[in-house]
Amino acid sequence: MAPIPTQREKRIVGTSLKMYFDLPSTLRYIDAVSQLSSAAEQANVDLFVIPDFVTLLSAKGKLQNTSIQLGAQDTYSEDKGAFTGEVSPLTLKQAGVNIVEIGHAERRRLFGETDQDVAKKAAAIVRNGMVPLVCIGEKSKSNIASQAVGLAVSECKPQITAALSQIPDDAEVILAYEPVWAIGAAEPAGADHVVTVTQNLRELVSGRKGRTRILYGGSAGPGTFDKLKDGVDGLFLGRFAHDVKNLETVIQEMSDGS
Ligand SMILES: O=C(CO)COP(=O)(O)O
């Protein structure tokens, strides 16, 4: 008997600006992204954008009448208190943020963010009614092709388990699989690798009650999604979304019809 096809999740694409743009450029970028709202709706794709903290409030204003979701690049794990320099998840929620990115490879490498920090932040995000976007990925590319998938999955597994351990089973989560070696590269990781790893990761979370979408990130851009669609629900873009036309192309490539 033919297997019953499982209904797939609504696709989702977004971009983090990291710290690439200054204030005026970020505001111009958000204006341009706001014009893509109806394209995303027509394609039946969720669209999100993650600027820096300083621009969140202005960005919210610009996205007000659109279906585009606003994200933050990080959060602290406590809502209030003597935590100089940190940004509260409660304040993010009040500013109109829907999605909060945590555990990005750059935060882990440059700022020492650990799986335990990520877990506490995930709990804080859910507690404040937002969706954690948990970045996971293996640090280095294995030279032995036959071992690459196994090593990637075993490195990602504790990252996922830690983040999920502190949130209710029915909480929505987005996982962004970003092999660290593919971030800032010329090209994304190979499709076979990404599809096999993400299929394995999906099995790991298949028992969850909460919606759990899996994205790929790492030098993704136009042309990437089609190769990965058997493994992922969408893409998390970096540099190759700086030209908004590329983001528009990716949305079209992810359209339900394609
Ligand atoms: O880190 C990324 C998204 O979070 C990917 O960045 P790049 O696409 O610029 O490699």
Side-chain angles (χ1 to χ4, degrees), residues 3 5-16 45-46 48 99 101-109 113-115 118-119 122 131-165 167 172-208 210-241 250 253-254:
T6 48
Q7 198 170 356
R8 69 163 172 78
E9 280 290 353
K10 185 175 181 187
R11 289 172 177 163
I12 174 165
V13 62
T15 182
S16 159
V45 169
D46 284 335
F48 66 88
I99 293 174
E101 180 183 357
I102 45 177
H104 189 275
E106 287 144 21
R107 294 225 54 91
R108 292 180 192 262
R109 178 170 51 89
E113 191 161 320
T114 65
D115 285 347
V118 172
V131 176
L133 193 178
V134 184
C135 300
I136 53 172
E138 76 276 15
K139 283 200 196 69
S140 43
K141 186 176 182 174
S142 171
N143 293 326
I144 309 161
S146 60
Q147 294 181 1
V149 168
L151 289 171
V153 173
S154 61
E155 217 171 313
C156 292
K157 199 172 167 177
Q159 298 171 347
I160 295 178
T161 312
L164 296 183
S165 70
I167 60 171
E172 178 175 355
V173 175
I174 302 169
L175 299 175
Y177 171 55
E178 306 200 319
V180 180
W181 50 270
I183 298 173
E187 289 182 359
D192 286 352
H193 178 78
V194 176
V195 170
T196 322
V197 171
T198 48
Q199 284 175 344
N200 274 274
L201 299 180
R202 199 178 292 279
E203 259 171 50
L204 252 175
V205 295
S206 63
R208 290 195 82 240
R211 183 185 212 184
T212 312
R213 288 183 285 185
I214 302 181
L215 309 184
Y216 169 77
S219 309
T224 306
F225 184 73
D226 191 53
K227 299 182 193 132
L228 307 184
K229 65 185 178 195
D230 291 339
V232 304
D233 304 301
L235 296 178
F236 190 16
L237 304 172
R239 290 156 298 142
F240 300 140
V250 172
E253 290 174 352
M254 285 172 56

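All residue numbers in this chain count up from 1 along the given sequence. Computed from a predicted structure; not experimentally measured.
In this structure, Ser142 OG and His193 NE2 are separated by 9.0 Å, a value rounded to the nearest 0.5 Å. Atoms CZ and CD1, on Arg109 and Ile183 in that order, are 8.5 Å from each other to the nearest 0.5 Å. One distance of note links CG of Leu151 with SG of Cys156; it measures 10.5 Å at 0.5 Å rounding. Here the CD atom belonging to Glu101 is positioned 10.0 Å from the CD1 atom belonging to Ile99, to the nearest 0.5 angstrom. Taking OG1 of Thr161 as the start and CG of Asp115 as the end, the distance is 9.0 Å to the nearest 0.5 Å. Interatomic distance, Arg211 CZ to Arg208 CZ, rounded to the nearest 0.5 Å: 12.0 Å.
With hydrogens and angles ignored, the 3.5 Å screen pairs no side-chain donor or acceptor of Glu113 with any backbone N or O of Arg107. In this structure, the side chain of Glu253 engages the main chain of Gly223 through a donor-acceptor pair within 3.5 Å. One N or O on the side chain of Arg11 and one on the backbone of Met254 form a donor-acceptor pair closer than 3.5 Å. For Ser219 (side chain) and Ala182 (main-chain N/O), a donor-acceptor pair under 3.5 Å exists by modelled atom type. Of the possible donor and acceptor atoms, one in the side chain of Glu155 sits under 3.5 Å from a partner among the backbone N and O of Lys139. Arg108 contributes a side-chain N or O that, together with a main-chain N or O of Cys135, makes up a donor-acceptor pair within less than 3.5 Å.
Among Ile136, Leu175, Thr212, the one residue that satisfies the side chain to side chain contact (heavy atoms under 4.5 Å, CB included) test with Leu201 is Ile136. Between Ile12 and the choices Val45, Asp46, Leu133, Val232, the side chain to side chain contact (heavy atoms under 4.5 Å, CB included) rule is met once, by Asp46.
Of all non-hydrogen atoms in Pro188 and Thr224, the two that sit nearest each other are CG-OG1, 4.0 Å. Closest non-hydrogen pair, Tyr177 versus Ala152, comes out as OH-CB, 3.9 Å. Smallest separation of non-hydrogen atoms from Glu178 and Phe236: OE2-CD2, 3.2 Å. Nearest heavy-atom pair, Val180 versus Ala105, reported as atom, atom and distance to 0.1 Å: CG2-CB, 3.9 Å. Looking at every heavy atom in both residues, Ala122 comes nearest to Pro132 through O-CG, 4.2 Å. Taking all atoms of both residues into account, the shortest heavy-atom contact from Pro222 to Val250 is N-CG2, 3.6 Å.
No more than 12 heavy-atom neighbours from other residues, nucleotides or ligands sit within 6.0 angstrom of CD on Glu187.
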Requested in this report: Evaluate side-chain contact (heavy atoms from CB on, under 4.5 Å) for Val194 paired with Lys227, printing each intermediate quantity in order.
Outcome: CA-CA 9 Å; Val194 176; Lys227 299 182 193 132; over 6 Å; no
Query - Full working for side-chain contact (heavy atoms from CB on, under 4.5 Å) between Val134 and Ile174 - result: CA-CA 6 Å; Val134 184; Ile174 302 169; over 6 Å; no
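Val118 is not listed as a side-chain neighbour of Gln159, based on a closest heavy-atom distance of 4.5 Å or more. A 4.5 Å side-chain heavy-atom check between Leu237 and Val13 finds at least one atom pair inside the cut-off. Looking at heavy atoms from C-beta onward, Arg202 lies out of side-chain contact with Val197 at the 4.5 angstrom threshold. Two residues are said to be in side-chain contact when any heavy atoms from C-beta on lie closer than 4.5 Å; Leu215 and Leu235 fail this criterion. Contact check for Leu204 versus Lys157: side-chain heavy atoms found under the 4.5 Å cut-off. Contact annotation: the side chain of Pro179 approaches that of Tyr216 to within less than 4.5 Å [non-hydrogen atoms, C-beta and beyond].
Taking the charged nitrogens against the carboxylate oxygens, Arg213 and Glu172 do have a contact shorter than 4.0 Å, which makes a salt bridge. Contact check on Arg8 versus Asp230 returns no salt bridge, with no Lys/Arg side-chain nitrogen under 4.0 Å from an Asp/Glu carboxylate oxygen.
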